Structures are given as C-alpha cells and as structure tokens.
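Because the structure is predicted, anything quoted here is derived from the model rather than measured.
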Amino acid sequence: MPGHIVLVALLTLFIFPPDETLRRYGASDRDWHLTQMHGEPFEGRATIAFPERNAITGQGPCNRYTSTNITPYPWFEAGPIVATRRACPDLSDESAFFKALEDATLAIVDGDVLTFADDTTDLLIFKARD
C-alpha cells in the first residue's frame, strides 16, 4: 500500500505540477496599476492581473486584454496579447504598453510593487491596489 501512495504522489506532480509563475510568488489576488513605463511616470490607466494559473488579464489605456505566461519565476514571457479593438485618444500609449509587456523577460514582485524588465532596463512598474 505505501508504494501506491508514492506512485499517486509522483503522478500528481507530473500531471498537476506546481504553478511556478509569478502568480505563485506574490502577484495573484491583486490588481496591479501601471505607475511607470520606460522610466517615466504613467498618467493613463493600465492594469494587469493574474486571475488563474498561466492567465494574464488587464485593461490597457483603451482596451481589455488577455495573454498567458507559463515561464517560471522570475522569468517572464507574455504569450500573444489578445485585445478588444476600441479606438481612443490613447492608442499610442496602449501600443507602447503592449510592446513593453511583450519585450519583458523578467518580472519581480517586491511587496506591493511589480516590475517587468528586459536584460538592461525596467520597462513597466506596477503598484498593487487592494
């Protein structure tokens, strides 16, 4: 019987491996609001959230969006970003925001601050709001 328990435990780990994305490391169950983009204060509205395993959702300056991230923390790789197609005066900010999110290769959660960066610089900085 003990051998069966070990086998079930090992199968569970392979079938349902633990979530190693930034969601597990402090980013879940919080709404993150963009405060800086490329080192400059961001005055518009943009958010990101991690509602479930491997899922990214949020609001860009104009449109709602979804994406994925399956890369283990602290690495980050946004899957294709799918967004609604509403026009607004902030479309250039939205394009820059989506581009920065796609360019990010690292994501660090430090308390109520979430930073996305590439190999050389911080791209996006979010602050959690409860």
Side-chain angles (χ1 to χ4, degrees):
M1 189 72 161
H4 293 270
I5 294 171
V6 171
L7 180 60
V8 169
L10 287 173
L11 284 174
T12 301
L13 282 174
F14 286 107
I15 295 171
F16 305 106
D19 182 359
E20 291 297 324
T21 65
L22 67 122
R23 177 175 159 58
R24 180 176 178 193
Y25 293 91
S28 68
D29 302 324
R30 301 175 101 172
D31 289 324
W32 299 93
H33 295 260
L34 185 62
T35 60
Q36 288 184 37
M37 183 164 56
H38 299 291
E40 298 293 324
F42 187 79
E43 302 299 328
R45 180 179 97 176
T47 65
I48 194 166
F50 306 91
E52 59 190 47
R53 184 182 189 142
N54 301 332
I56 299 171
T57 64
Q59 175 68 49
C62 300
N63 294 284
R64 300 261 333 134
Y65 69 93
T66 62
S67 186
T68 58
N69 175 47
I70 58 172
T71 311
Y73 185 81
W75 309 113
F76 180 81
E77 183 178 341
I81 295 173
V82 178
T84 57
R85 296 188 178 265
R86 243 180 67 205
C88 82
D90 299 322
L91 278 176
S92 62
D93 285 343
E94 182 162 280
S95 293
F97 170 63
F98 288 158
K99 174 87 169 89
L101 195 58
E102 289 173 339
D103 289 347
T105 57
L106 291 168
I108 304 295
V109 179
D110 186 11
D112 65 348
V113 176
L114 171 59
T115 303
F116 290 92
D118 63 14
D119 293 338
T120 60
T121 188
D122 292 348
L123 301 172
L124 303 166
I125 299 177
F126 291 82
K127 182 126 171 97
R129 291 193 189 149
D130 297 321

*Pairs meeting criterion salt bridge (charged side-chain N to carboxylate O under 4.0 Å, His left out) with involvement of residues 84-108, two or more places apart*: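 Salt bridge (charged side-chain N to carboxylate O under 4.0 Å, His left out) check on residues 84-108 returns K99-D103.
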*Taking only residues at least two apart or on different chains, which pairs with a member in residues 113-127 satisfy salt bridge (charged side-chain N to carboxylate O under 4.0 Å, His left out)?*
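Residue pairs passing salt bridge (charged side-chain N to carboxylate O under 4.0 Å, His left out), neighbours aside: D112-K127.
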Hey, does [Y] have a side-chain heavy atom less than 4.5 Å from the side chain of [X]?
X: I48; Y: W32; value: yes
X: L101; Y: I81; value: yes
X: V82; Y: Y65; value: no
X: F76; Y: T105; value: no

*For R45, does the CZ atom have more than 12 heavy-atom neighbours from other residues, nucleotides or ligands under 6.0 Å away?*
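Atom CZ in R45 is not packed in, count stays at 12 or less.
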*Check: T21 side chain, I70 main-chain N or O, donor-acceptor pair, under 3.5 Å*: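 Pair absent, no side-chain N/O of T21 close to backbone of I70.
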*Would you say S95's side chain and L91's backbone share a donor-acceptor pair under 3.5 angstrom?*
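The answer is yes, because a donor-acceptor pair under 3.5 Å joins these two groups.
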*Taking it one step at a time, do F126 and F42 satisfy ring-ring contact (aromatic ring centres under 6.0 Å, His included)?*
CA-CA 10 Å; F126 291 82; F42 187 79; 9.0 Å; no
From [X] [atom1] over to [Y] [atom2], what is the distance, rounded to the nearest 0.5 angstrom?
X: R30; Y: H33; atom1: CZ; atom2: NE2; result: 11.0 Å
X: R24; Y: Y73; atom1: CZ; atom2: OH; result: 12.5 Å
X: F116; Y: Q36; atom1: CZ; atom2: CD; result: 14.0 Å
X: F98; Y: C62; atom1: CZ; atom2: SG; result: 8.5 Å
X: R129; Y: T35; atom1: CZ; atom2: OG1; result: 8.5 Å

*For the pair L22 and F50, evaluate side-chain contact (heavy atoms from CB on, under 4.5 Å) and give the outcome as yes or no after the intermediate values.*
CA-CA 9 Å; L22 67 122; F50 306 91; 3.6 Å; yes
*side chain to side chain contact (heavy atoms under 4.5 Å, CB included) partner of L34, chosen from L114, L124, I125*: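 By the side chain to side chain contact (heavy atoms under 4.5 Å, CB included) criterion, L34 pairs with just one of L114, L124, I125: L124.
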_Pairing residues for T121 by the side-chain hydrogen bond (donor to acceptor under 3.5 Å, both in side chains) criterion, not counting sequence neighbours_ =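 By the side-chain hydrogen bond (donor to acceptor under 3.5 Å, both in side chains) rule, T121 matches no residue at all.
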*S67 versus P80, closest heavy-atom pair with distance*: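 Distance-wise, the nearest heavy atoms are OG-O, 3.5 Å.
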*Start with the C-alpha gap between L123 and M37, add the side-chain angles, then the distance that decides, and say whether side-chain contact (heavy atoms from CB on, under 4.5 Å) holds.*
CA-CA 6 Å; L123 301 172; M37 183 164 56; over 6 Å; no
